[in-house]
Structure formats: structure tokens, C-alpha cells
Peer 1: 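Let me begin by handing over the structure; questions about it come next.
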Amino acid sequence: MCGIVGYIGNEDVKETILSGLEKLEYRGYDSAGIAILNGNGLHIYKDKGRISHLREIVDFSINGTLGIGHTRWATHGKPNQINSHPHQSSTKRFTLVHNGIIENEEELIIEHLSDATFESDTDTEAIAQLIQKFSDEGNSTDRAIRYTLGLLEGSYALAIIDNENPEVIYAAKNKSPLLLGKGNGFNMIGSDAMAMIHHTNEFFELQDKEYAIITRQDIAIYNLQGRKIERETYFGELDATDIEKGTYPHYMIKEIDEQPFVIRRLIAAYQDEHGNLKVDSDILNQIRECDRIFIIACGTSYHAGMVGKFLFERITKKPTEIHISSEFVYNTPIISEKPLFVFISQSGETADSRAVLVKVKQMGYPTIAMTNVKGSTLYRETDYQLLLHAGPEIAVASTKAYTAQIAVLAIVACAASDSCNFNMLSELSIVANVMEALCDNRELYNELAKEFLTDKKSCFYIGRHVDYYTCLEAALKLKEISYIQTEGFAAGELKHGTIALIENCTPVIAIITQEQINLNTRSNIREVRARGAAVITMSLKRISSEKDQIVIDNVHEFLTPLVTAIPAQYLSYYAALQRGCDIDKPRNLAKSVTVE
Ligand code: F6R
């Protein structure tokens with residue numbers, strides 16, 4: 001959500017910033033802007049719409065070696081030209097871009113800015129006005145920024161330019177992500193490494209309530225009291241080719257196809273030299289010693305967590321609860337005496353999950369982050385970490401991170417169990433092979449999407465047992481990228497009301513992987529067929545029936561959610577493709593949801 005790129009160096013800044021913003025497009029945005037400072041002053045271009053539109057309105061004859069850029073996902077005020085960033089103070093001396101939400105904006109305006117006039121509806125403009133005010137009162141820019149930061153409540157990542165000091169970019173952070181990129185003769189700022197990876201792979205981490213003064217030659221980090229902080233750089237693990245689409249038309253299909261490789265990478269990462277499971281012993285002890293596991297997550301990660309509950313209870317025999325982060329934080333259930341909190345988050349930045357983390361840390365409970373992003377907020381702020389090793393996931397709709405989450409949950413559940421009576425790593429290796437065969441069969445899903453989904457307004461996924469969890473995830477995937485209203489439903493529950501919605505030709509996709517519910521789900525299929533539904537059945541080979549359109553090779557009964565996810569992801573992809581949707585950047589959505 002929102003992206004920031006900044007550059008100060010010797011090269012012209014436009015392409016670096018624009019292409020950096022393009023690398024952040026995956027985070028989700030509805031407007032974009034850039035500010036370039038040169039000897040003739042400051043030049044701002046901004047508007048609602050994509051970076052491709054920003055490229056059209058930027059005057060490419062304007063050159064400059066200092067600039068900041070932004071992609072905005074609207075929170076305060078509509079997505080329009082005026083609300084787009086950068087924003088300026090009323091004298092136009094200070095210009096800034098902001099990611100986050102200032103929670104005490106109204107109080108700040110009443111207390112400090114009652115005479116100021118505002119152009120936009122954003123909370124960001126108040127930050128520029130405050131810096132201006134403190135500067136007008138005779139403070140240095142450095143001090144004016146520090147005074148301002150000291151007053152802000154909420155989240156912010158900021159890049160600030162002072163027109164009167166064209167040799168510096170100021171950066172600051174609290175709760176919203178911001179990295180500082182160290183170059184040779186230049187330095188950069190970015191919401192994440194992807195925005196800078198084509199220029200540098202060496203970074204400084206900026207922590208909450210710190211700010212930085214960035215020149216061409218130097219990056220100096222300070223706390224809000226103005227005390228300098230010594231910090232080492234680190235080298236990122238990201239490779240520039242990891243974030244390219246290559247020959248794929250969309251990141252989503254590239255990421256769907258990558259899943260067999262991700263599973264094999266996980267097998268290698270969680271295996272010791274003797275071929276046994278290898279998981280941090282502190283994590284295993286925490287699991288063994290706790291009296292209850294609380295899984296906390298949102299969206300797709302929440303659906304992976306549902307499978308996680310099943311795996312922890314079946315394999316580890318540990319009572320497990322799964323909670324939606326945004327619910328848990330304000331409607332906290334009774335917590336057991338010795339709980340263990342597991343946060344599942346692809347990005348590691350989700351504000352709803354972080355709010356729970358802050359709360360349970362205050363209560364003194366142990367916490368684990370299961371995330372794809374090393375160094376992300378949840379990774380840094382939890383006691384223990386488990387990495388997903390899925391590689392950067394750029395399409396907004398999560399695919400490979402979802403299956404990686406389930407695989408890591410299965411690995412950890414098995415490693416923590418005294419009685420796991422199967423070899424998890426070799427079962428996962430079978431899963432990887434089955435996934436590969438499913439990927440090779442993608443033309444089938446294309447055809448099924450064309451026949452059953454493309455021109456439909458609504459759809460149902462039905463299943464029982466663990467298949468129900470896949471149905472919830474499959475429904476989310478289909479609705480978020482194709483905009484077909486889809487519900488994931490426990491198959492046995494349909495007859496208690498929802499079956500009223502089944503009409504002639506309503507698509508119903510049934511998933512059946514568990515022997516003990518095979519016949520029950522097939523009865524439910526008959527019930528919807530009798531009411532006119534157009535049914536696609538996806539089953540596992542050992543319980544398949546002749547007419548099932550998607551038959552998946554057998555995998556261990558606990559691991560079926562890993563394979564049923566694949567056809568569902570392709571069905572969503574092809575339905576969205578045939579409907580002409582913006583697959584990698586679905587409307588209204590953001591990849592990393594950094595607001596509550
Ligand atoms: C849907 C999707 C979202 C995320 C959710 C949580 O495809 O990606 O539902 O799963 O926003 O994000 P993370 O996992 O980054 O905490």
C-alpha cells in the first residue's frame with residue numbers, strides 16, 4: 001500500500017524514480033507522482049491513475065539529480081490529482097511524500113495550524129505545513145522535521161525535500177516500511193528493496209521513530225532527539241531477475257507455475273544433512289510447551305491458517321485456534337494460560353496483524369512470525385521466525401505464498417510431533433511432482449473457465465473438511481481478480497439456506513479429497529445439479545468418479561489443500577483473463593495492507 005522511491009546522485013533522476021515506482025506497483029495504488037529538484041526549482045507531476053499515465057505527464061526535458069516519487073492508495077480523500085503526492089507546505093519550500101496514516105491530524109491542525117490553508121483532503125499536507133511552521137519559527141530544517149515527527153501519532157514513512165537545501169533528502173519512519181539504499185556516488189530510499197534493486201543491493205534499515213539525512217555521499221541516521229545512530233549496512237538476498245516477469249504475461253501465472261519449485265526449496269531449507277526435518281529447536285520447544293496455539297492472520301494467510309489449525313491438531317495434537325487479526329484485536333477471546341501466538345503473513349507488514357502482535361507482546365506471550373519477507377515488521381518484532389522461501393510475490397493475489405504457508409505449517413507440525421507417522425519431506429516431494437503435473441494441465445482450466453465462469457455473475461465453491469478451507473481460498477481468489485461474486489461454502493451447509501441462490505447455470509465448483517466425506521459431498525452435488533447448477537468437480541484420483549473434470553494425482557490426505565489450490569488458482573486466472581481484468585493489480589486492492 002503506497003510506495004516511496006527517492007534518489008540523490010549524479011544521474012538524471014526521472015527514469016530511476018519512475019521505474020522504481022513501477023517495481024512498487026504490486027503494492028496497490030490509485031495515483032502516482034514525482035518531484036524533481038534542479039537548479040530551476042522544483043517540478044511536480046502527479047495525477048490519479050497508473051505510472052504509465054504519470055510517464056505521459058512528466059516533462060522529459062526537465063532534468064535533475066534529486067527526486068522523490070510516490071504511489072498512493074487512497075485513505076484520506078478521493079484518488080484525484082490534488083490528493084496525489086507529493087504535497088507541499090503553503091510556501092512551497094517543503095515537499096514530501098508519505099506512506100501511512102496520521103491519526104492525530106485534526107488535533108495537530110487545531111493546535112498548531114489553525115491559520116494554515118490546505119489544498120488537499122490528505123493527512124499528509126499537515127506534515128509539510130508543520131515543518132514549515134517550525135522552520136518559520138527559526139529552526140533549522142533538521143530541527144523542524146524532528147519537532148514535527150515528535151508530534152505525529154500513527155504511521156509514516158516519509159521522504160522530504162527542502163527547496164533551499166538541494167543537496168539533501170530527509171527520510172523518516174514509524175510503523176510503515178522504508179529502506180535506505182547505499183550506492184556509490186548516490187543514495188536511495190524505497191518502500192522495499194524491489195524499488196532499488198537495479199541500482200544497489202546494500203541497505204540500511206531505518207527503524208521506527210528514526211530519521212535520516214541523505215546526501216549523494218552519505219546516509220546519517222538519527223533518533224528523534226537528534227542523537228546519531230551507528231548502523232551497519234546489510235546486503236539484500238533479492239536478485240533483480242526474481243522480480244521480472246520474463247516471458248510470462250502476468251506475475252500471477254508465473255507465481256502459480258513456480259509452486260512446485262517453492263515446495264522443493266522448502267524441502268531443502270527445512271532438511272538437515274541426514275534428510276530429517278530441521279526446524280529451530282526453540283520454536284519446537286515453544287510449540288511443545290504451550291497449552292494452545294493461536295494463529296493470527298488475514299485474507300489468504302487466514303485460509304492457510306485454517307489448514308494450519310487442522311495440521312497442528314491432527315499431527316501435533318495441540319489445541320489450535322485461528323483468528324482474523326482485525327477481529328482479534330478489538331474482540332479478544334479468552335486466552336489460555338500458556339499460549340503461543342503464530343502470525344502468518346506473506347508481507348510481514350499487515351497492519352491488522354501487527355496490531356495483534358503489539359497487544360500480545362504487551363501481555364508477555366511468545367510470538368512467531370511465518371513470513372515471506374525477511375526483515376519485515378512482523379519478522380523483526382516477533383520472538384521467533386519461520387521463512388516461507390517463496391521468492392518475491394508480486395501479483396496482488398497471493399498464490400505461491402499460500403501454498404508455502406501450508407507447507408511450512410505442515411513441516412513445523414510434523415517436526416513438533418512425537419507421533420508423526422509419515423515422512424513429511426518425502427510426502428511434500430510427491431506434492432511438488434503432483435503440482436507440476438497440474439501446472440502442465442493448465443489448458444484444461446482455461447477451457448473450463450471459458451465454459452463455466454467467464455460470463456457468470458456469481459459462483460460457488462463447495463467442499464467439506466479441509467476441502468472447505470480450500471473453497472474459502474478459491475472463492476477469494478476468483479472474486480478478487482475476476483470480480484465474479486463467489487462464495488466458498490461448507491457443502492453440507494448449503495441446504496440450510498444458501499441453496500436458494502442456485503439457479504439455472506449457476507457455476508458450482510465442488511472439491512472432494514477426503515474419503516470419509518466423498519459420498520456426502522457427492523450428494524450435495526446432486527442437490528445443486530437438480531436445481532440447475534453447472535458443476536465442475538475436482539477430486540483426488542483415489543476417490544474420483546468418471547465424470548469429474550479435474551482429477552488430481554494422490555497425495556497424503558493431510559496435504560491435499562496444497563494441490564487443490566492449483567486448479568482453483570488457474571481457474572481464477574483464466575476467468576479474469578477472459579473477462580479482461582487487470583490481473584496483477586485488481587481494482588481497490590493493495591498487496592501489502594499497511595493500514596488497519
Ligand atoms: C489475497 C491476499 C490477501 C492477503 C492479506 C494478508 O490474495 O493476498 O488476502 O493474504 O491481505 O496479507 P499478508 O499475508 O501479507 O499478511
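In each ligand, atom 1 is the first atom listed, and ligand 1 is the first ligand listed.
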Peer 1: I need the contact type for T300 against ligand 1. Using non-hydrogen atoms and a strict under-4.0 Å cut-off, is it side chain, backbone, both or neither?
Peer 2: both
Peer 1: Consider every N or O of S345 and every N or O of ligand 1, then say whether any pair is closer than 3.5 Å.
Peer 2: yes
Peer 1: Numbering the atoms of ligand 1 from 1, which are under 4.0 Å from a heavy atom of A397?
Peer 2: 7 (O)
Peer 1: Are the side chain of Y29 and the backbone of I51 linked by a donor-acceptor contact shorter than 3.5 Å?
Peer 2: yes
Peer 1: Tell me yes or no: between the side chains of T367 and D383, is some donor less than 3.5 Å from an acceptor?
Peer 2: yes
Peer 1: Specify the protein heavy atom at minimum distance from atom 5 (C) of ligand 1: its residue, its atom name, and the distance to 0.1 Å.
Peer 2: C298 O, 3.7 Å
Peer 1: Please lay out, stage by stage, how E321 and R292 fare under the test salt bridge (Lys or Arg N to Asp or Glu O under 4.0 Å).
Peer 2: CA-CA 8 Å; E321 295 183 17; R292 187 167 281 262; 2.9 Å; yes
Peer 1: Taking atom 8 (O) of ligand 1 as the point of reference, which of S325, S398, S572, A590 owns the nearest heavy atom?
Peer 2: S398
Peer 1: Under the criterion side chain to side chain contact (heavy atoms under 4.5 Å, CB included), I'd like the reasoning laid out for T498 against F460: C-alpha separation, chi angles, the key distance, then a yes or no.
Peer 2: CA-CA 10 Å; T498 307; F460 289 87; 3.6 Å; yes
Peer 1: Considering only non-hydrogen protein atoms, determine which one is nearest to atom 7 (O) of ligand 1 and report residue, atom name and distance to 0.1 Å.
Peer 2: E480 OE2, 2.5 Å
Peer 1: Please list the nearest protein heavy atom to atom 15 (O) of ligand 1 with its residue and the distance rounded to 0.1 Å.
Peer 2: S347 OG, 2.6 Å
Peer 1: Identify the closest protein heavy atom to atom 14 (O) of ligand 1: which residue and atom is it, and at what distance?
Peer 2: S301 OG, 2.5 Å
Peer 1: For K173, which residues count as a side-chain hydrogen bond (donor to acceptor under 3.5 Å, both in side chains) partner, sequence neighbours excluded?
Peer 2: D208
Peer 1: Does N372 come within less than 4.0 angstrom of ligand 1, counting non-hydrogen atoms of the residue?
Peer 2: no
Peer 1: Would you please determine whether S353 falls within less than 4.0 Å of ligand 1 on a heavy-atom basis?
Peer 2: no
Peer 1: Classify the ring geometry between H323 and F294 as parallel (under 30°), tilted (30 to 60°) or perpendicular (over 60°).
Peer 2: parallel
Peer 1: In terms of ring plane angle, is the pair F203 and Y234 parallel, tilted or perpendicular, where the classes change at 30° and 60°?
Peer 2: tilted
Peer 1: What's the shortest distance from atom 12 (O) of ligand 1 to any protein heavy atom, and which residue and atom give it?
Peer 2: T350 OG1, 3.5 Å
Peer 1: Could I get the full list of side-chain contact (heavy atoms from CB on, under 4.5 Å) partners for S84, not counting sequence neighbours?
Peer 2: S31, K46
Peer 1: Quick one: look up the protein heavy atom nearest atom 11 (O) of ligand 1 and list residue, atom name and how far away it is.
Peer 2: V593 CG2, 3.9 Å
Peer 1: In terms of relative ring orientation, are F341 and Y365 parallel, tilted or perpendicular, with 30° and 60° separating the classes?
Peer 2: parallel
Peer 1: For K477, is the nearest heavy atom under 4.0 Å from an atom of ligand 1?
Peer 2: yes
